[in-house]
Amino acid sequence: PRLDTELTATQLIARVPMFHNLSAAVQAEIAHLLHPRLVIPDEVIVRAGERGDAMYFIASGAVTVKLPGRSVELGSGDFFGELALLRGQPRNADVVALGFCKLLVLSARDLQPLLARDRQLRERIESVAAERLGTALSR
Ligand code: CMP
């Protein structure tokens, strides 16, 4: 059997509920675009102010988004790093691993084809992004 650290994108996708009701064909296509990455405790995955070249889905573990004055914890099934890609703006927060995390990395150039491929996925990502921007602006 494969070691846990060697799980394939296909196996990791099964851990992200957002991908569950996609057809097998779309899942296979997505598995091709998502690259597994293991991060270690306290690793800074995304740095505020930097240019964004990828977004991340959390297959296992948790991260903290360090917003000014507060932190938001995200866990298995959540995603982050979408704002810089969708808005063409620098990262708006540091995102730091709270422990060992398995992530699925989607590079910026693969995001648009993916969103075009599946409307539900696009709506889900866009609505979470809008909500995050709303809370960022109201504080
Ligand atoms: P991005 O700006 O690319 O990099 C930092 C990420 O932190 C951002 O994308 C979002 O994914 C995430 N983030 C920013 N603001 C919030 C928030 N209010 N709640 C949860 N996550 C957030």
Side-chain angles (χ1 to χ4, degrees):
R2 300 176 73 93
L3 292 174
D4 200 35
T5 51
E6 294 175 338
L7 286 172
T8 63
T10 308
Q11 290 168 302
L12 290 171
I13 280 171
R15 301 183 181 188
V16 181
M18 244 178 102
F19 298 133
H20 284 180
N21 49 15
L22 303 176
S23 70
V26 174
Q27 282 196 21
E29 192 172 327
I30 288 174
H32 199 67
L33 300 177
L34 295 173
H35 303 288
R37 174 171 155 195
L38 179 69
V39 296
I40 62 172
D42 298 323
E43 186 168 339
V44 182
I45 305 155
V46 154
R47 270 177 214 281
E50 287 192 348
R51 235 185 86 230
D53 58 0
M55 66 172 289
Y56 305 84
F57 297 90
I58 305 172
S60 72
V63 303
T64 180
V65 179
K66 302 203 160 179
L67 297 166
R70 71 194 169 108
S71 291
V72 176
E73 192 175 320
L74 301 177
S76 185
D78 292 328
F79 59 84
F80 60 92
E82 79 293 351
L83 289 181
L85 306 192
L86 293 175
R87 310 232 313 159
Q89 291 191 350
R91 302 293 194 191
N92 82 342
D94 281 352
V95 181
V96 182
L98 285 172
F100 288 96
C101 294
K102 282 168 204 142
L103 304 177
L104 288 161
V105 187
L106 176 68
S107 68
R109 70 170 175 279
D110 291 331
L111 176 62
Q112 291 311 327
L114 187 81
L115 297 186
R117 186 74 178 78
D118 191 80
R119 187 169 56 88
Q120 265 189 7
L121 198 63
R122 190 187 75 224
E123 286 171 355
R124 172 104 178 91
I125 291 174
E126 283 175 353
S127 86
V128 169
E131 194 180 305
R132 288 173 177 172
L133 281 172
T135 63
L137 294 175
S138 67
R139 286 172 201 248

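Count residues from 1 along the sequence. Whatever order the structure lists ligands and atoms in, that order sets their numbers, starting from 1. Side chains included, hydrogens not; waters and symmetry mates left out as well; all remaining heavy atoms used.
The shortest N or O to N or O distance between A84 and ligand 1 is under 3.5 Å. By the 3.5 Å distance cut-off applied to N or O atoms, V72 is not counted among the residues near ligand 1.
Atoms of ligand 1 found under 4.0 Å from any heavy atom of A93 (numbered from 1 in listed order, with element): 5 (C). Proximity to E82 (heavy-atom distance under 4.0 Å) selects the following atoms of ligand 1: 9 (O), 10 (C), 11 (O). Within ligand 1, counting atoms from 1 as listed, the ones closer than 4.0 Å to a heavy atom of R70 are 18 (N). Taking every non-hydrogen atom of F80 and a distance limit under 4.0 Å, the qualifying atoms of ligand 1 come out as 11 (O).
Ring centers of F57 and F19: under 6.0 Å apart, within the cut-off.
Heavy atoms of R51 come nearer than 4.0 angstrom to ligand 1 in no pair at all. Ligand 1 is never approached by G52 to a heavy-atom distance shorter than 4.0 Å.
Counting heavy-atom neighbours within 6.0 Å of H32 NE2, excluding the residue itself, gives a total of 12 or less.
Taking CE of M18 as the start and CD1 of I13 as the end, the distance is 11.0 Å to the nearest 0.5 Å.
A donor-acceptor pair under 3.5 Å links the side-chain atoms of D94 to the main chain of A48, judged by distance alone. Under the 3.5 Å distance criterion, the side-chain polar atoms of S76 are matched with a main-chain donor or acceptor of A59. A donor-acceptor pair under 3.5 Å is absent between the side-chain atoms of H35 and the main chain of L104, judged by distance alone.
Under the 4.0 Å criterion applied to side-chain N and carboxylate O atoms, R119 and E126 are not assigned as salt-bridge partners.
The closest non-hydrogen atom to atom 4 (O) of ligand 1, taken over R91, R132, E131, M55, comes from R91.
Only the side chain of V46 comes within contact range of ligand 1, with a heavy atom under 4.0 Å; no backbone atom does. Heavy atoms of L133 found under 4.0 angstrom from ligand 1: none, in either backbone or side chain. With a 4.0 Å cut-off on non-hydrogen atoms, L67 touches ligand 1 through its side chain and not its backbone. With a heavy-atom cut-off of 4.0 Å, V65 touches ligand 1 through its side chain alone.
Judged by the 6.0 Å and 45° rule, R132 forms a cation-pi pair with F79.
Applying the side chain to side chain contact (heavy atoms under 4.5 Å, CB included) test between C101 and each of I45, V63, L38 identifies V63 as the sole match.
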